[in-house]
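One structure follows; several queries about it will come next.
Keep in mind the model is a prediction, meaning the values are calculated, not measured.
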Amino acid sequence: MSLRIGIPREVFPGEKRVATVPDVVAKLIKLGFSVGVESGAGDAANFADDTYRAAGAEVVQGAAALWAGSDIVFKVRPPSADEVALMREGGMLIGFVWPAQNPELMQQLAAKRATVLAIDALPRQLSRAQKMDALTSMAGVSGYRAVVEAANAFGRFFNGQVTAAGKIPPAKVFIAGAGVAGLAAIGTAANLGAIVRANDTRAEVADQVVSLGGEFVKVDYEEEGSGGGGYAKVMSEGFQAAQRRMYAEQAKDCDIIITTALIPGKPAPKLITAEMVQTMRPGSVIVDMAAEQGGNCELTEPGQAVVKHGVTIIGYTDLASRLAKQSSTLYSNNLLRLTEELCKTKDGQVDVNFDDQAIRGLTVIKGGEVTWPAPPIQMPAAPAKPKAVVAAPASKGHGHGASEPMSAKSLAIVFGIGAVLFALVGLYAPASFLSHFTVFVLACFVGYMVVWNVTPALHTPLMSVTNAISSIIAIGALVQVAPPLTASGAADRPNTLILVLAVLALVLTAVNMFGGFAVTRRMLAMFRK
């Protein structure tokens with residue numbers, strides 16, 4: 001018998017998202033599950049009950065009936081104590097749980113002998129886990145929405161304009177933190193025409209900032225800031241002091257500041273002080289995306305938009321929920337991919353396989369037993385640097401070792417023999433042969449340098465470049481097959497061997513040329529939208 005997935009209405013104040021959308025309901029049914037949706041669960045995200053019915057779900061009246069009749073429950077926010085009380089004994093819960101911040105909730109779920117998969121505990125360093133990474137999905141939506149909120153509170157255009165009524169300078173936007181949310185904000189602000197600057201403790205994101213149209217502002221202090229799981233680490237006091245000086249300069253110059261600095265399980269670092277806010281121009285805007293954990297600005301009031309010292313400080317904690325339809329769609333797709341991993345047999349049954357590192361990391365409670373935190377992920381070891389090869393000493397009377405470089409005497413002998421051979425060719429070969437021989441030698445040298453000095457990963461694109469060389473070969477073969485007329489008007493026909501070789505060269509060159517263009521066209525098609 002297949003399991004039943006239940007989608008309750010979110011009870012957290014102001015939460016508009018829903019854990020599954022109608023399009024995903026149909027895909028869950030194809031995996032063998034039955035789906036029940038609490039009436040009104042998708043209303044705030046513009047998904048009516050009728051759309052769920054049309055997708056094959058059963059619309060259930062009341063939370064109690066939904067929770068009691070569901071083997072698996074998909075949630076967005078962590079369940080409340082009342083919702084846990086409604087949960088079926090031994091059931092499964094999938095959604096945001098935040099086990100480190102909710103120890104009491106963990107104990108309540110364990111008492112229900114539940115199996116809990118916390119989507120926020122996903123080991124994000126696993127590349128195959130990206131399709132299930134709801135934190136990234138929600139952060140991208142929040143970063144976009146942060147710019148929209150800033151634009152709404154800002155008093156003028158983002159892009160610069162020159163009109164008959166006067167010149168409008170572009171807005172200057174500074175973004176603290178270039179993680180997923182920060183990068184989404186950078187791209188959105190740059191697309192609106194603002195001058196965008198950004199900073200992050202991880203130096204490796206500088207190229208990403210530039211690629212999205214921003215300018216990376218570096219702190220005048222050398223320290224590596226990469227932490228585990230794609231997050232930044234807590235920096236030293238010296239770095240933080242240099243960072244505060246840089247933020248103070250940006251606060252004086254920029255119109256909008258968006259802060260995204262947050263490490264899970266830790267209070268948000270205070271990046272923007274009250275003194276910095278006072279130095280900002282009246283009408284400026286601060287969007288504090290870390291407001292739920294205390295905020296990056298000292299004057300932030302979580303959940304509120306306030307005006308202090310003439311600066312609007314936005315501390316909304318529901319940015320993703322303010323784009324409920326989009327964020328619900330992305331979140332439900334993340335849960336669908338997780339469900340596919342749990343139900344590879346497509347028979348409506350789930351297998352919480354602890355041999356799978358992604359599933360093990362997600363599972364915080366299994367059958368009532370708390371399994372959080374998961375053991376550290378064993379990442380593949382970095383390839384060892386090749387050791388320098390020490391040349392073996394040459395044995396007397398037996399030449400040189402295989403790894404020993406050629407001696408000056410041997411090198412002189414080789415070059416001497418080559419010079420003698422070239423001299424013989426130059427003295428006794430016909431003048432026409434000598435010119436062709438010279439071109440042949442140079443072509444061999446150039447071909448070697450062009451092809452063998454290119455990394456193997458670029459050999460396929462290199463095929464396009466070789467088409468230019470192939471065209472020269474084709475022209476030479478055509479000249480041999482149909483030589484030009486002499487002064488007397490007669491053609492100097494080549495002998496049979498030269499004619500056969502020329503035709504063969506022409507055929508092989510044509511195959512290489514057309515094949516190269518075909519491969520190049522397919523490669524370019526991969527990058528077209």
Side-chain angles (χ1 to χ4, degrees), residues 1-8 18-37 52 55-58 66-67 69-76 79 87-97 99 109-110 112-138 229-230 328-380:
M1 183 177 178
S2 64
L3 299 178
R4 182 176 180 84
I5 296 176
I7 314 298
V18 61
T20 295
V21 301
D23 287 344
V24 172
V25 166
K27 296 175 182 177
L28 291 172
I29 293 174
K30 287 182 179 180
L31 289 176
F33 299 96
S34 61
V35 180
V37 180
Y52 284 103
E58 177 189 354
L66 185 282
W67 281 88
S70 300
D71 302 294
I72 305 170
V73 175
F74 285 179
K75 281 273 294 164
V76 178
M87 188 175 182
R88 173 183 291 187
E89 192 84 7
M92 177 179 287
L93 173 70
I94 301 177
F96 285 106
V97 177
L109 291 168
K112 279 282 186 175
R113 295 190 297 107
T115 296
V116 181
L117 275 66
I119 200 70
D120 48 274
L122 179 75
R124 304 171 76 187
Q125 59 267 46
L126 297 176
S127 58
R128 59 180 291 269
Q130 293 178 3
K131 61 185 179 181
M132 302 177 275
D133 190 357
L135 284 173
T136 294
S137 300
M138 297 303 99
S328 296
T329 301
L330 294 175
Y331 182 70
S332 60
N333 279 325
N334 293 139
L335 295 191
L336 171 66
R337 301 309 172 200
L338 171 57
T339 308
E340 290 174 342
E341 293 295 317
L342 293 170
C343 181
K344 294 183 178 180
T345 54
K346 299 183 179 180
D347 59 355
Q349 300 294 322
V350 295
D351 177 24
V352 182
N353 181 14
F354 272 21
D355 291 333
D356 186 324
Q357 288 186 315
I359 301 301
R360 175 63 188 91
L362 283 165
T363 307
V364 295
I365 301 175
K366 185 175 183 181
E369 179 185 353
V370 176
T371 59
W372 182 87
I377 297 295
Q378 300 297 325
M379 299 300 292

Chi angles and distances behind the side chain to side chain contact (heavy atoms under 4.5 Å, CB included) call for L338, I359
CA-CA 8 Å; L338 171 57; I359 301 301; 3.7 Å; yes
Backbone N or O of M87 within a donor-acceptor pair of the K112 side chain at under 3.5 Å?
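Checking the backbone N and O of M87 against the side chain of K112, a donor-acceptor pair under 3.5 Å is found.
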Any donor-acceptor N/O pair, S328 side chain to V18 backbone, under 3.5 Å
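Answer holds: yes.
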Please identify each residue that fulfils side chain to side chain donor-acceptor pair (under 3.5 Å) with R128, with sequence neighbours left out.
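Applying side chain to side chain donor-acceptor pair (under 3.5 Å) to R128 gives E341, D356.
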Report the residues that fulfil side chain to side chain donor-acceptor pair (under 3.5 Å) with T329, sequence neighbours left out, ordered by chain and then residue number.
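With neighbours one apart ignored, the set is empty.
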Residues two or more places apart in sequence or in another chain: which of them pass ring pair (Phe, Tyr, Trp, His ring centres under 6.0 Å) with F33?
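Per chain and number, F33 pairs via ring pair (Phe, Tyr, Trp, His ring centres under 6.0 Å) with no residue.
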Can you list the residues that meet the salt bridge (Lys or Arg N to Asp or Glu O under 4.0 Å) rule with R360, with sequence neighbours excluded?
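Partners of R360 under the salt bridge (Lys or Arg N to Asp or Glu O under 4.0 Å) test: none.
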For S332 and T20, work out which heavy atoms get closest and say how close.
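Where S332 meets T20 most closely, the heavy atoms are CB-CA, 3.5 Å.
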Please identify each residue that fulfils ring pair (Phe, Tyr, Trp, His ring centres under 6.0 Å) with Y52, with sequence neighbours left out.
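Ring pair (Phe, Tyr, Trp, His ring centres under 6.0 Å) check on Y52 returns nothing, list empty.
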Closest approach of I119 to M132 (non-hydrogen atoms, all atoms of both residues):
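Minimum heavy-atom contact is CD1-O, 3.5 Å.
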Kindly say whether F354 contributes a backbone atom to a donor-acceptor pair with the side chain of K366 at under 3.5 angstrom?
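No, K366 side chain to F354 backbone: no donor-acceptor pair under 3.5 Å.
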Ignoring hydrogens and geometry, is there a side-chain-to-backbone donor-acceptor pair from T115 to G367 under 3.5 Å?
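The answer is yes, because a donor-acceptor pair under 3.5 Å joins these two groups.
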Is the Y331-F96 ring centre distance short of 6.0 angstrom?
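Here the rings of F96 and Y331 have centres that are less than 6.0 Å from each other.
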Could you tell me whether the side chain of Q349 and the main chain of M1 form a donor-acceptor pair under 3.5 Å?
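Present.
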How would you list, by chain and number, every residue that makes a salt bridge (Lys or Arg N to Asp or Glu O under 4.0 Å) with E369, sequence neighbours excluded?
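If we apply the salt bridge (Lys or Arg N to Asp or Glu O under 4.0 Å) test to E369, skipping adjacent residues, there are no hits.
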